[in-house]
Student: 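What follows is a structure written as structure tokens; I'll ask about it next.
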Amino acid sequence: MQGQDGERDRHGARNGGDRSPGAPGGMPAGAPDGTSAGAPAEVPDPEPRRGRPRSAAAERAILDAVIALLEAGEPLAGLSIERIARTAGVGKATIYRRWSDKEELFVDVVRDMEPDDPPVSGTEGLADLRVMLESLRTRGLAQRSSALLHNIFAQMKSHPKLWNEYHGTVIAPRRLAMVEAVRRAVAAGELRDDLDVELIDDLFVGPMLVRTVHRPDAPLPDDLADRIITALLQGLAPVARV
């Protein structure tokens, strides 16, 4: 989402061209100027735009504009594309080439504020699972330390369309990645093969979610992921006495 020209789109794919969903107000997709009256228009290119990378600077300005407005006390529901474009110093068409609506934009704003998802091997089982559990812990810490991020999540949950967009594009892929790591652990003989893999995943993720979401005052020590994994592998039954 950030970085260089030809940056990744919201699903992580490389995107070398602009997408142009229809803009509000009857402006057809692909119109030369999708701005509304009073909004700054983008200067047309002298060369054909076929395959031109999207501007990383413009995308960064848009994300920063939303964050600045939220920090100033604007609620999510009160933000309009026009206001965001004006604050970012871009035209509305620049926003609509990147995001089809406010929900998509707001999800990317939240993702931008959260810690990055860590790289995993994609071949390990328990080792990858531990990395992803640690990522859950650090995101919980980030939400606790950022009043703005905490406030955004609270507002998102009261907007079903926005929360569903976040769940579908952020939470669901993370859960799928963890389930796949459990499958690899089972295949490698690191975990039992007679239990449903989704149940096993819930057993690992559940304690971390309780600590990060349901008990905001609970400690999140550095070794929490390791402690959860060790407790589950050893089991909760008392050690048999000889």
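Bear in mind the structure is a predicted one, so any value in this text is a computation, not a measurement.
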Student: Shared ILVMFWY cluster between F153 and L209, side chains joined below 4.5 angstrom?
Tutor: no
Student: Determine, stepwise, if the pair I67 / L148 fulfils side chain to side chain contact (heavy atoms under 4.5 Å, CB included).
Tutor: CA-CA 9 Å; I67 293 172; L148 176 59; 4.1 Å; yes
Student: Run D101 and E165 through side chain to side chain contact (heavy atoms under 4.5 Å, CB included) and show every step you take.
Tutor: CA-CA 11 Å; D101 53 29; E165 178 73 17; 5.8 Å; no
Student: If every non-hydrogen atom of P173 is compared with every non-hydrogen atom of H167, which pair is closest and at what distance?
Tutor: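 In this case the closest contact between P173 and H167 is CD-O, 4.3 Å.
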Student: Using every non-hydrogen atom in the two residues, find where S135 and P118 come nearest and quote the distance to one decimal.
Tutor: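 Closest approach of S135 to P118: OG-CD, 3.3 Å.
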Student: Please tell me whether L232 and V210 are part of a single hydrophobic cluster in this structure, the criterion being side-chain heavy atoms less than 4.5 Å apart.
Tutor: no
Student: Can you get from I228 to V197 by hopping between Ile, Leu, Val, Met, Phe, Trp and Tyr side chains that sit under 4.5 Å apart?
Tutor: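 I228 clusters together with V197.
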Student: State yes or no: do L129 and L176 share one hydrophobic cluster built from I, L, V, M, F, W and Y residues joined by side-chain heavy-atom distances below 4.5 Å, directly or via other members?
Tutor: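 Different hydrophobic clusters.
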Student: Which heavy atom of M132 sits nearest a heavy atom of A181, and at what distance?
Tutor: CE-CB, 3.6 Å
Student: With a 4.5 Å cut-off on side-chain heavy atoms, are L191 and F204 touching?
Tutor: yes
Student: Does the side chain of L79 come within less than 4.5 Å of L70's, by heavy atoms?
Tutor: yes
Student: So, for Q155 and L76, which heavy atoms are closest and what is the spacing to 0.1 Å?
Tutor: OE1-N, 2.9 Å
Student: Hey, what do you get for CG (L162) to CD (E104), rounding to the nearest 0.5 Å?
Tutor: 11.0 Å
Student: Would R175 and D202 pass as an ion pair if we require N to O under 4.0 Å?
Tutor: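 Counted as a salt bridge, because a side-chain N and a carboxylate O are separated by less than 4.0 Å.
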Student: Quick one: does P221's side chain get under 4.5 Å of R211's, heavy atoms only?
Tutor: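 When only atoms from C-beta onward are counted, R211 and P221 do touch, with a gap below 4.5 Å.
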Student: May I ask you to decide if S121's main-chain N or O and D128's side chain share a donor-acceptor pair within less than 3.5 Å?
Tutor: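 Pair found, side chain donor or acceptor close to backbone of S121.
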Student: Could you walk me through whether L220 and R215 pass side chain to side chain contact (heavy atoms under 4.5 Å, CB included), step by step?
Tutor: CA-CA 10 Å; L220 296 173; R215 293 180 56 201; over 6 Å; no
Student: Return the CZ to OG1 distance between R111 and T169, rounded to the nearest 0.5 Å.
Tutor: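 Going from the CZ atom of R111 to the OG1 atom of T169 covers 5.5 Å.
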Student: Evaluate L136 against R139 for side chain to side chain contact (heavy atoms under 4.5 Å, CB included), listing each step before the verdict.
Tutor: CA-CA 5 Å; L136 279 176; R139 282 198 296 275; 3.3 Å; yes
Student: With a 4.5 Å limit on heavy-atom distance, are the side chains of E59 and W99 in contact?
Tutor: yes
Student: Say you draw a straight line from CD of E71 to CG of L69; how long is it, rounded to the nearest 0.5 Å?
Tutor: 9.5 Å
Student: About how many Å separate CD of E82 and OG1 of T87, when rounded to the nearest 0.5 Å?
Tutor: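 Between atom OG1 of T87 and atom CD of E82 there are 11.5 Å.
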Student: Is any side-chain heavy atom of L133 closer than 4.5 Å to a side-chain heavy atom of D226?
Tutor: no
Student: Any heavy-atom pair between the side chains of S145 and H150 that's under 4.5 Å?
Tutor: no
Student: Nearest 0.5 Å please: distance from the CG atom of D217 over to the CZ atom of R144.
Tutor: 7.5 Å
Student: Taking all non-hydrogen atoms of both residues into account, name the closest pair between E190 and L126 and its distance.
Tutor: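 Shortest heavy-atom contact: OE1-N, 3.1 Å.
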Student: Run the salt-bridge test on R137 and D223 with the 4.0 Å N-O cut-off and return the result as yes or no.
Tutor: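 No, R137 and D223 are not salt-bridged.
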Student: Hydrophobic cluster membership, with links at side-chain heavy-atom distances under 4.5 Å among I/L/V/M/F/W/Y: are L141 and V205 in one?
Tutor: yes
Student: Which heavy-atom pair separates I200 from R192 by the least distance, and what is that distance?
Tutor: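 The answer is CD1-O, 3.9 Å.
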